[in-house]
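Keep in mind the model is a prediction, meaning the values are calculated, not measured.
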Amino acid sequence: MDDIDLEELVASLTLREENQAIKSYQNTVAVSCPACDARFDDLIVCKENPTSLNLSKQLDLCVGSADDQAVIFTHKK
C-alpha cells in the first residue's frame, strides 16, 4: 500500500479522541479501507513512536503509513 493521503481521508471522518499519543476518527460515512477495500470502523493515527494501544475488544486491523506516522484501520468482527 502506498502512503495514504491522510488529509483527504480525515476530511470525511469524525474526530473522536485526541491525546498526546494518538488521534482517533470514526468512519460515519462508510469510507473504504485503503488496504482491503472493506468499510472500516475507526482510524487511529499514531502521533508518537512507539505508541501502545489498549484494545477493549477484538478487532481486525489494517495498517499503513501517512506522513511518517503509523495509521491503523479497525474492522469490528
Exercise for the section: Among I4, L9, V71, D67, find the one that has a side-chain contact (heavy atoms from CB on, under 4.5 Å) with V45. Expected result: V71
Exercise for the section: Measure across L15 and S24 and return the closest heavy-atom pair with its distance rounded to 0.1 Å. Expected result: CD1-O, 3.5 Å
Handout entry: Chi angles and distances behind the side-chain contact (heavy atoms from CB on, under 4.5 Å) call for K76, L59
Key = CA-CA 5 Å; K76 294 179 182 159; L59 302 169; 3.9 Å; yes
Practice task
Can you see which heavy atom on A30 is nearest to which on R39, and at what distance?
Solution key: CA-NE, 3.4 Å
Fill in the blank from the handout: In this structure, OG1 of T14 is separated from OH of Y25 (nearest 0.5 Å) by 10.5 Å
Practice task
Step by step, work out the side-chain contact (heavy atoms from CB on, under 4.5 Å) result for K23 and R16.
Solution key: CA-CA 8 Å; K23 267 185 162 178; R16 290 293 180 211; over 6 Å; no
Exercise for the section: Would you name the heavy atoms of H75 and A38 that are closest together and state the gap between them? Expected result: CE1-O, 3.9 Å
Handout entry: Heavy-atom pair with the smallest gap, counting every atom of K47 and N19
Key = NZ-O, 2.8 Å
Completion exercise
One should read off an interatomic distance between T51 OG1 and I22 CD1, to the nearest 0.5 angstrom, of 8.5 Å
Problem - Step-by-step side-chain contact (heavy atoms from CB on, under 4.5 Å) determination, D60 to F40 - result: CA-CA 9 Å; D60 287 333; F40 66 92; over 6 Å; no
Exercise for the section: Mind checking the CG-OG1 spacing from L43 to T74? Nearest 0.5 Å is all I need. Expected result: 8.5 Å
Practice task
Quick one: closest heavy-atom pair of C46 and Q69, and the distance?
Solution key: O-CB, 3.5 Å
Practice task
Show your reasoning for whether side-chain contact (heavy atoms from CB on, under 4.5 Å) applies to D41 and N27.
Solution key: CA-CA 5 Å; D41 296 296; N27 184 4; 5.9 Å; no
